[in-house]
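The next block holds one structure in the form of structure tokens; read it before the comments.
Bear in mind that the values here come from a model prediction, so they are computed numbers and not experimental data. Naming: A, B, ... by sequence-line order, numbering from 1 per chain.
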Amino acid sequence: MNGTSEISINAKNRDYFSSVYDVVRLIPPGKVTSYGAIANFLGSAKSSRIVGWAMNASHKFHDVPAHRVVNRNGLLTGKMHFEYPSKMEELLKMEGIDVSENRIVDFENVFWDPSEALQKF
DNA sequence: CCATTGACTTAAG
DNA sequence: CCTTAAGCCAATG
């Protein structure tokens, strides 16, 4: 079989990466969360950078709404990694989230904390 | 195994 | 609000 490389990547990253993707997939439309919140929910609050690492590879997984993950200030720090820089902002506004100057407007009101919304598994 | 990197976060000035 | 610096940890070469 020739498609084993992609599968092996998935298998190798299954532990942490897949857990991150699971959480991101559960973010309700119109809500956002932060890298640190995801890391905290997964039990490793200091691995927020690893969550960003996982998101960098999330392009392979079409079900992951990466635009709903921002940094703890509500800044769209990952926008440069989309197909084009304004894509992230467009996707957010399409869900009713207002964005101004690369920042989520009323960030605390649209913030979705997986630790409160989800049961730990 | 060592050095570098990074879609983070916190603290300090 | 701005920039630096340090801590952090997995991936990458």
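Residue A:Ile38 contributes atom CD1, which lies 16 Å from atom C1' of C:dA10 at whole-angstrom precision. The distance from atom CG of A:Asn40 to atom P of C:dC9 is 14 Å, rounded to the nearest whole Å.
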Item to check | Under 4.0 Å protein heavy-atom contacts per nucleotide of nucleotides 7-13 of chain B, with B for base, S for backbone only and - for none | outcome: BBSS---
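A salt bridge (charged side-chain N to carboxylate O under 4.0 Å, His left out) check over residues 23-45 of chain A, counting only residues at least two apart or in different chains, returns the pairs A:Asp22-A:Arg25.
A 4.5 Å side-chain heavy-atom check between A:Ile38 and A:Thr33 finds at least one atom pair inside the cut-off. A:Val69 is listed as a side-chain neighbour of A:Ile27, based on a closest heavy-atom distance under 4.5 Å.
Considering only residues two or more places apart in sequence or on other chains, A:Phe82 meets the ring-ring contact (aromatic ring centres under 6.0 Å, His included) condition with none of them.
No option in A:Leu76, A:Leu91, A:Val105 other than A:Leu76 meets the side chain to side chain contact (heavy atoms under 4.5 Å, CB included) test with A:Val99.
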